Amino acid sequence: MFHIPFHSIRTVTTAHLAQTMTLLSLTSNELQQQIEAELASNPALEMLDEKRCPTCKRLLSPRGICSVCSRPSQSSPEEPIVFVSTREVEYYGGGAREDDYGDDMGSAACDDLPTYVLRQIAPDLEAGDRKLAAYILTHLNEDGLLTVKLIEVAMYFHVPLARLEAIKRIIQRADPIGVGSDSPREALLVQLDVLAENGRVPDLARILVDEHLDAVSRRQFAELARLLHVPAEKVRAAAQFIGENLNPYPGRSSWGDVRSVASQQTGVYYRPDIIIGRLDDQPDTPLVIEILFPMGGTLRINPLYREAIHQAEEEQKGPMREDLERASLFVKCLQQRNHTMQRLLQRMAVLQREFILKGNKHLKSITRASLSKELEVHESTISRAVANKAVQLPNGRIIPLADFFDRSLSARVALKELITTENKPLSDAELVGLMAQRGFSVARRTVAKYRAMEGILPAHLRQSSGASYG
DNA sequence: CTATGGCACGGATT
DNA sequence: AATCCGTGCCATAG
């Protein structure tokens, strides 16, 4: 059964459970819609203005306390700070309706991706440019790449090419970064630019992507090293960086079939629901985990409405009571959801600290079941809480929350390392031995599967990446 | 004969 | 109860 945290046991109805469960599995933008709908249909609910912390701009708790700035004297940096926040949720939710986006979007009732991108960039565009952007966005293929030439669009609309190029540049920097590029190469370059602004990027990466993408994907590191007059090791490192941080097909990062497409699972994802950062961006400080709440302000029951019941006509009282009941249920469910998410992430951050800070290699395989035991909730609660949510890590990467439970990720990373540093192509059977040494006991067949997932060719088709003489 | 990929089964996960 | 994942067996390619 469903475990309720002790302090919130009270009027627990089945409706409560059902609604909490559904709310739990919602993304923050879905939650936003849910809340908006509820707010619109139920007069007993009201949204208080948001109050923000003057120093860090994060949302204050109803009592006016900022979770970050006035945090209790943290005893250890291991303990993460977890809180619900609205920071950085900058939807163009205001006046934007679908019909603002122009009429020429074709019959293709836009997939998620075009609308999603358009929402982000709409505020940055003139009204006229929005139409152009919408047009461009409807000509993306499933990989998120452009299927028309800008020059054609320019002729079609009779606008200068430069204007379209400017729009394209804006699109490319929107969330699945690199979306709207002409080629995987261009997408990668944009991603590199953006990453370079936020952090360090191997200097080789750019030239590799720009001029030698083919060779990189064939893993001809030795030749590249010779060509570029740099150590092979640097080439490998840069190539690895590219593989881990960039995604040549920005569109493929949508939910669902992530793992089936070989080597695409390290993609760029959509808007995060959770942001993990470090306090003041200092190393060795507690992790700050923000569970994004899609709307500013605090949701509560309208006290005036409660008053109004007493003065209402007798036959009105019934329906009004119901409204009130629904409202308080909804608020409770929301609190419940936030509470669960907080506890979940709190625990998760402790368990997977290494992974969060140092990357895939350090992922511990935790199962949802084990976590549910620790937190004393039902397994399905964890499942729902984890489903369909994206986390932004301190290094800026956005991954599905479910990746925290990937049983084989660290094994795959190890495998990739083995292969990229091999001197002669190793057969799957040989890899089994090496993997065992590193603490991964897997079957030969499984090595083959991991290889496939990472998009690594079988041994006999692999270029020797070490010295050409064996 | 060796290295791989396909299919299918069973146990774990959801 | 449905689905996913690791693995064993077998066919096939080199």
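Chain identifiers are assigned alphabetically (A, B, ...) following the order of the sequence lines, protein sequences preceding nucleic acid strands; residue numbering begins at 1 within each chain. Worth saying up front: this structure is predicted, and the values here are computed from it rather than measured.
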| task | In whole angstrom, give the distance that lies between atom CG of A:Leu431 and atom P of B:dT2. | result | 18 Å

| message | Taking only side-chain N and O atoms of A:Thr446, does any of them lie within less than 4.0 angstrom of OP1 or OP2 on C:dT7? | response | yes

| Quick one: A:His460 NE2 to C:dT12 C1', roughly how many Å, whole number? | 12 Å

| Shortest non-hydrogen separation from A:Asp406 to A:Leu363 and the atoms involved | O-CD2, 3.2 Å

| message | In whole Å, I'd like the distance from the CD1 atom of A:Ile382 to the P atom of B:dT13. | response | 14 Å

| task | Write down the distance between CE (A:Met453) and C1' (C:dG6), rounded to a whole number of angstrom. | result | 9 Å

| field | Residue A:Ser383, side-chain heavy atoms: nucleotide from B:dT14, B:dG5, C:dG6 that is nearest | value | B:dT14

| request: Please determine, for the side chain of A:Arg368, which listed nucleotide (B:dT14, B:dT4, B:dC7) has the closest atom? | output: B:dT14

| request: Verify the contact: side-chain N or O of A:Arg407 to OP1 or OP2 of C:dC4, cut-off strictly under 4.0 Å; return yes or no. | output: no

| request: With the side chain of A:Ser408 defined as its heavy atoms from C-beta on, choose the nearest nucleotide among B:dT4, C:dG6, C:dT7. | output: C:dG6

| Separation of atom CZ in A:Arg444 from atom P in C:dG8, rounded to whole Å | 10 Å

| task | Can you tell me the distance, in whole Å, between the OH atom of A:Tyr450 and the P atom of C:dC5? | result | 10 Å

| request: State whether A:Lys424 and A:Glu430 are salt-bridged, where the test is any N-O pair (Lys NZ or Arg NE/NH1/NH2 against Asp/Glu carboxylate O) under 4.0 Å. | output: yes

| query | Which heavy atom of A:Ile366 sits nearest a heavy atom of A:Phe405, and at what distance? | reply | O-CD2, 3.1 Å

| remark: Of B:dG6, B:dT4, B:dT13, the nucleotide closest to the side chain of A:Arg445 is B:dG6

| request: Would you mind reading off the distance between A:Lys373 atom NZ and B:dA12 atom P, rounded to a whole angstrom? | output: 14 Å

| note | Per nearest nucleotide of DNA chain B, the residue lying toward the 5' end, A:Lys449 or A:Ser427, is A:Ser427

| message | What is the separation between atom CG on A:Asp428 and atom P on C:dG8, rounded to the nearest whole Å? | response | 14 Å

| said: Could you check whether any side-chain heavy atom of A:Ile419 comes within less than 4.5 Å of a side-chain heavy atom of A:Arg451, counting everything from C-beta outward? | reply: yes

| Is A:Lys373 atom NZ crowded by more than 12 heavy atoms from other residues, nucleotides or ligands, each under 6.0 Å away? | no

